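I have placed the structure first, in the form of structure tokens, so that the comments after it can refer back to it.
Order of the sequence lines sets the chain letters (A, B, ...), proteins ahead of strands, with each chain counted from 1. Computed from a predicted model, the values in this text were never measured in an experiment.
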Amino acid sequence: MLFEDTKYFDYKFPEPQYLGAKYIHRGWIAQFIPERTNVVLDAFSGSQSIAYMFKQLGKKVITNDFLNFNNLIGKALIENSSNKLDSSDIELLFSENSDPSKYNLMSELYTGLFFCDEESSFIDSFRSNVHKLSNPYKQALALSIMCRSMTRKVTMGHFAHTQALVYASDPTRIKRNRSLIRPLKNIFLDLLPEYNAAVFNNLKDNISYNKNILDLLPTLEDVDLVYFDPPYCNSHADYQSFYHLLETYVEYWKDKQFVNGIKRYEPKRYSGFDKNSEAISNLQLMFKQAHHIPTWLVSYNDRSFPDIETMVDLISPYRNVKVERKVYNSGRGGKGSVAGSSEILLVCTMK
DNA sequence: ACCTGGTATCAGCGACTACA
DNA sequence: TGTAGTCGCTGATACCAGGT
């Protein structure tokens with residue numbers, strides 16, 4: 001590899017906890033990027049770990065996710081080239097609630113469910129002060145780190161798991177995951193240096209979007225490569241339910257209903273990719289819309305709907321497809337282990 | 001048959017520690 | 001400085017119940 005390709009590699013992406021984060025596969029995926037690729041689109045960016053890898057490789061990165069809390073990570077770490085949070089910013093964020101009658105959503109919804117009273121008051125007051133930061137990049141950074149801190153509190157990183165407070169009073173649970181009883185403020189302060197250190201300038205005009213990919217794709221020109229990492233149907237692929245709390249926190253909805261035991265917001269955003277019944281037709285449309293982008297990389301696995309053969313059939317009208325496979329030699333064990341399954345990358349090139 | 005909401009799980013990785 | 005032992009942390013999960 002040339003120096004040009006590695007000069008940003010000292011920067012380190014703050015490790016994500018998301019289900020399905022491609023962070024651990026980023027080196028493997030990188031080898032399939034053709035030479036002379038300058039402009040790259042990450043269409044379903046999630047944690048932003050792959051967009052970050054593209055940025056480290058010196059590409060101009062266009063990144064997108066239909067959930068805003070993911071877009072904000074994109075603003076903070078991909079689009080942002082220099083803004084970090086300093087001690088005066090932290091002082092602002094940790095000051096008292098600037099408008100308790102307006103900023104009380106987390107307390108009202110999640111006290112006794114995901115957080116104790118003190119903690120939900122703290123995140124409400126933190127949220128009330130975010131707008132005092134001097135620009136949108138600092139604001140995005142602050143919200144990203146707080147979302148990451150909150151994620152540490154729940155099993156599997158899911159806010160569909162309602163046992164956080166039960167576990168927080170169970171000594172064996174606490175022994176296994178000390179974050180359960182640590183104040184969010186402390187977790188935030190631990191993560192802060194990692195996030196600050198991850199901000200860098202690759203001398204490109206990078207941009208993060210918060211759109212449905214089916215609306216964004218037709219508007220983009222001059223993209224050399226697109227990376228698709230769509231939700232994998234067949235198991236639960238409803239990321240809005242898993243991470244509803246984070247989206248509610250950044251959006252601070254005032255016009256939604258909050259339903260069920262988990263207090264998920266309703267109505268949900270339209271995804272188009274999270275139901276078996278819609279997945280194929282929307283993948284078909286998406287591939288059609290990507291006709292003007294020469295190279296496509298599609299992450300997949302061998303346990304999802306539609307199956308790999310169907311995916312290849314959907315792409316074949318437009319591109320040559322090569323199926324690359326990385327076998328997990330050892331999963332992380334346990335019930336959630338994916339040992340023995342494969343990570344798939346469909347490498348799609350011009351005919 | 002499919003969708004949605006919810007709970008339960010344990011093996012392995014890797015960071016850390018103790019000891020030589 | 002090297003290595004064996006310890007232990008914290010995690011999971012595109014597995015499974016079930018109930019609704020449409």
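Sorted by first and then second residue, the ring pair (Phe, Tyr, Trp, His ring centres under 6.0 Å) pairs with a member in residues 126-149 of chain A read A/Phe126-A/Phe188; sequence neighbours excluded.
C/dA12 and C/dG8 have their P atoms separated by 22 Å, given to the nearest Å. Using P as the reference atom, B/dA11 and C/dC15 are 15 Å apart when rounded to the nearest Å.
No donor-acceptor contact under 3.5 angstrom links the side chains of A/Thr63 and A/Asp65, judged on distance only. Side-chain N/O atoms of A/Asp99 and A/Ser128 include no donor and acceptor closer than 3.5 Å.
One interatomic measurement links the two molecules: CE of A/Met311 to P of C/dA12, which rounds to 18 Å at whole-angstrom precision. Rounded to a whole Å, the CD1 atom of A/Ile280 is 12 Å from the P atom of B/dC2. Between the P atom of B/dA1 and the CG atom of A/Asn276 lies a distance of 14 Å, rounded to the nearest Å. If you take CZ of A/Phe228 and P of C/dA12, they are 23 Å apart, rounded to a whole angstrom. Note: CZ (A/Arg148) to C1' (C/dT10) measures 11 Å, nearest angstrom. One can place CD of A/Gln240 at 15 Å from C1' of B/dG5, the figure rounded to the nearest angstrom. If you measure from atom CD of A/Glu266 to atom P of B/dT4, you get 10 Å, rounded to the nearest angstrom. Across the protein-nucleic acid pair, A/Asp190 atom CG and C/dC9 atom P stand 11 Å apart, rounded to whole Å.
If you look at A/Trp253 and A/Phe258, their ring centroids are not closer than 6.0 Å.
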Identify every side-chain donor-acceptor pair in residues 305-316 of chain A under 3.5 Å, counting partners at least two apart or on other chains, and give the distances.
from     : atom 1 : to       : atom 2 : distance (Å)
A/Asp307 : OD1    : A/Thr310 : N      : 2.9
A/Asp307 : OD1    : A/Thr310 : OG1    : 2.6
A/Ser316 : OG     : A/Val312 : O      : 2.6

Per-residue pairing states of DNA chain B in dot-bracket (Watson-Crick or G-U under 3.5 Å; . unpaired, | other strand) read ||||||||.|||||||||||

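The side chain of A/Asp229 has C/dA12 as its nearest neighbour among C/dA12, B/dC3, B/dG5. Side-chain proximity of A/Ser241 to the nucleotides B/dG5, B/dT4, C/dA12 is greatest for B/dG5. Among B/dG5, B/dG6, B/dC3, the nucleotide with an atom closest to any side-chain atom of A/Ile262 is B/dG6. Here B/dC3 is the nucleotide among B/dT4, B/dC3, C/dA12 with the atom lying nearest to any side-chain atom of A/Ser277.
Contact check for A/Glu96 versus A/Ser125: no side-chain heavy atoms found under the 4.5 Å cut-off.
In this structure, A/Tyr243 OH and A/Met150 CE are separated by 13.0 Å, a value rounded to the nearest 0.5 Å.
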